[in-house]
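Notes follow the structure.
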Amino acid sequence: MTQTDSRLRRRSRLAPALLLLPLAACGGAGETTLDAILAALAPPPAPVDPSVLAQGYADALLPGVSAAAEALLSTFRYDRQNSPSWTTTLYSGVHLTGLSSHPLRTSGAAFAHAAGVTGTGSTIAVSDYRLDDTHSVLAGTAVEVNSNRTASQPPAYSDTAWLWHGTAVASVALGDSASFVGIAPDANLLFGSFDTEAELAALAHRAADVGAVALNNSWGYPGFGPNASDFDAVFGYPAGADYLAALDRYAASGVVVFALPNDNTIGHATLMDGLPYVRPSLEAGWIAAGNAVPTMSGTTVISVQMISGGCFEAARWCLLADGAWEAADPSDPSGFGFVTGASFAAPQIAGALALLEQAFPALDPHDLRVRLLASAEDGFFSPDATVELAEGYFKGFSLRYGHGFLDIEAALKPIGTPTLATMGGAEISVDEPALIAATAMGDAVARSLAGTTVGVTDALDATFAVDAAALSATAAPRPQASAMLFRSLSTDLTRDRTAARSGADPFAAFRGATVTLDDPAGLTRTTLLLPQAGAQSAAVNLTRTLVDGPTRIDLGLSVGRDAGGTLSLGGSAGNDAALMASVSLGLTQEMGDGWVALSAEVGVSDLGGDTALGRTTTGSFNSARLEVGRTGVFARGDRLSLSVGLPLALQSGRVAATLPVITPMGMEFESRSIDLAPEARQIDLGLSYQTQIAASAEMKLSLISSENFGNIEGRRDRGAALAITLRF
């Protein structure tokens, strides 16, 4: 069956002057400028309370959900909604061809289903004329009927054409069968008739009683706009006043969804979709739903073809969805037919609210409404105005397109910049790591945090469960090739080749150039570590040498400040600079033209001080290196050496952190000790050859192979550097 909702009409029995129309195919009077509409908008409701805390839904953030969604979309019951080419004629007479729709994809519903979010535990109320509660798509759904307008309870008079409308609307919101799936297939249904204002009021009260997340309405009063006179005509008599009171009661906690008119020729909203325009207290619990077919570039909406009317006075609470559906058809107990209209955009939004209620159980429906508006795709229009949806969170909207196109996937993900709460009440932005481990720590921080699930809160106060390891990063060590080349070019190669060999090599692990000063006897050496761009480290080493024939002993003392990521624990609120002190011992034994040199260093550091996550203890570090070499190997005065070394690494040090941990009871602050000492130690195997290639030219070739590079198990780095220096 092919239906368009614009053909269906029914006269209200209690209010003969009013028409209630499925899909709100309504007319409107006159034209109003966009500026006039903006000027007439009442102030928006107070932003959502930012103190709300919800236990988040981690699966929606996991890698692989998008791939799982694609797999779902290839199955028959999802692919049923893939309509690659269809046509329609607008109220304006324009005939559109080649339209392409797949609302389960473009709405993000398939992504939610792949993440396990299907509306379990939520109730959607649907106000329509009749419902075929025996249709296959409702067979497994908990249905409560607040009306006698069902297939199993025939009405006093027959109008079979109307039976399909309520059934189709319900199927879009929450239908589920072996060959069909709606937006929230595991939600419960509360159904009531819109035939009289008394029935409308009864459904709204019942929806409030059962805590329905959404009250869907795919109908309207034709010819009545959001103005005072039409408002009085509809609600100014007892039955209408009772219905308005029921709407007030329900919208105080739930979300009313009303379809826009399908007439694309009018320049206004209609009374019901635009009701908060004349009754501002309803806005926090109201969404107007428009019908539009999106054009996609990948997963991004780049334009839309409006099929319904625009948002206009309802723009501040308006959202678009693709109302082209292969929906349930009661003429066949398990049949379906293609429909299009705002009637079938609205239940997508109602279903989306049910999905979000499952995903964020501690958020109330008003908060969920804000998430849908805030996450709507809006890159295809330039905003006409902005509204503060939540405290400090502003969203631009279009008078024609409202907040944009429904994007459930985005609503399930963090909106704005997520933050991590600290025990002291501060909030840390997680746009960048809270802790950046220095190279001497390797991946120790990530290893310590892995397996602890913490809560991060987005700009709309939804909390998402993430592995705490995601809060950390490891400083990347400089590749060995560039490090060797830098040191060679910043060193006097002639002096390096001809000087007596020493086991001591101060600041070998730190970025920055060094300057060495010797006393005339050559027994006392001062080495300075100089700051450089990107590594503002500075330190001084004093080494005293004792010589006994072929044996040389070097005793060293170093103090300084590391801001180059070697010992400093950085990150959010981190100092990124560590104070350090160390002692070193070098032992060199000359053996004719060869030598053996052994060196070791031990030290302590404050590791950059306290972090945003907690207090840092003092850390200890060490390093060791063994080198053997020979002179005169290939040419007079040349030097060849082989070495094995354990570069500087932390041996002890911890952060006593207090983290907002997700537990079965909710989110609680718990203490965690973060070990900063790496499990794997970097091991360097090196070869170096130096020679004079001309009277004023020196050459040094360096080769190195590193295992567990950066003190991370299994990581390797190999490099070679050739440095040639000339003296003038």
Side-chain angles (χ1 to χ4, degrees), residues 54-84 100-122 124 137 140-141 171-187 213 294 296-301 321-322 324-326 336 347-361 363 368 371-372 375-377 405-415 418 450-451 453-456 458 462-470 662:
Q55 183 170 340
Y57 192 83
D59 288 352
L61 303 175
L62 295 178
V65 175
S66 294
E70 287 298 317
L72 281 180
L73 288 164
S74 66
T75 63
F76 174 72
R77 65 186 195 136
Y78 283 83
D79 192 55
R80 176 183 289 281
Q81 302 309 330
N82 184 13
S83 302
S100 178
S101 295
H102 198 336
L104 285 174
R105 176 190 295 275
T106 57
S107 69
F111 180 92
H113 298 174
V117 181
T118 55
T120 301
S122 292
I124 300 171
V137 299
T141 301
S171 72
V172 172
L174 44 68
D176 189 24
S177 72
S179 60
F180 182 92
V181 65
I183 297 293
D186 289 327
V213 68
M296 310 295 294
S297 176
T299 59
T300 302
V301 177
D322 188 349
W325 270 77
E326 188 79 13
F336 304 93
Q348 292 182 61
I349 294 169
L353 288 166
L355 296 178
L356 296 190
E357 187 173 43
Q358 178 193 349
F360 305 102
L363 292 181
L368 304 178
R371 290 197 73 80
L372 281 187
S375 59
E377 289 209 58
F405 197 85
L406 175 65
D407 190 345
I408 300 169
E409 177 179 345
L412 287 170
K413 295 179 177 180
I415 295 172
T453 302
V454 297
V456 297
D458 72 1
T463 298
F464 293 82
V466 298
D467 193 297
I662 297 291

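Just so we're clear, the structure is a prediction, and the values are computed from it rather than from any experiment. Residues: numbered from 1 along the sequence shown.
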Heavy-atom pair of closest approach, residues [X] and [Y]:
| X | Y | result |
| --- | --- | --- |
| Asp467 | Gly451 | OD2-N, 3.1 Å |
| Val181 | Trp325 | O-CZ3, 3.8 Å |
| Ala112 | Ile408 | CB-CG2, 4.1 Å |
| Ala354 | Ala184 | CB-CB, 3.9 Å |
| Ala462 | Leu363 | CB-CD1, 4.0 Å |
| Ala410 | Ile415 | O-CG1, 4.1 Å |

Partners meeting side chain to side chain contact (heavy atoms under 4.5 Å, CB included) with [X] (sequence neighbours left out):
| X | answer |
| --- | --- |
| Ser179 | Phe76, Arg80, Ser177, Phe336 |
| Asp186 | Thr118, Thr120, Asp176 |
| Ala178 | none |
| Ala114 | Val65, Ala68, Ala69, Leu72 |

Taking side chain as C-beta onward, heavy atoms only, is [X] less than 4.5 Å from [Y]?
| X | Y | result |
| --- | --- | --- |
| Leu412 | Phe360 | yes |
| Ser171 | Phe180 | yes |
| Glu409 | Thr299 | no |
| Leu104 | Ile183 | yes |
| Thr106 | Val301 | no |

Enter the distance from [X]:[atom1] to [Y]:[atom2] here, rounded to the nearest 0.5 Å.
| X | Y | atom1 | atom2 | value |
| --- | --- | --- | --- | --- |
| Thr300 | Phe405 | OG1 | CZ | 12.5 Å |
| Glu70 | Phe111 | CD | CZ | 11.0 Å |
| Ser122 | Leu355 | OG | CG | 8.0 Å |
| Arg105 | Met296 | CZ | CE | 8.5 Å |
| Leu372 | Asp407 | CG | CG | 9.5 Å |
| His113 | Tyr78 | NE2 | OH | 5.0 Å |

Side-chain (Gln81) to main-chain (Glu326) donor-acceptor, under 3.5 angstrom: yes
Arg371 (side chain) donor-acceptor with Lys413 (main chain) under 3.5 angstrom: yes
Contacts of Ser101 that satisfy side-chain hydrogen bond (donor to acceptor under 3.5 Å, both in side chains) - sequence neighbours left out: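 Partners of Ser101 under the side-chain hydrogen bond (donor to acceptor under 3.5 Å, both in side chains) test: Trp86, Asp322.
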Contacts of type side-chain hydrogen bond (donor to acceptor under 3.5 Å, both in side chains), residue Glu377, not counting sequence neighbours: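 Partners of Glu377 by the side-chain hydrogen bond (donor to acceptor under 3.5 Å, both in side chains) criterion come out as none, since no residue qualifies.
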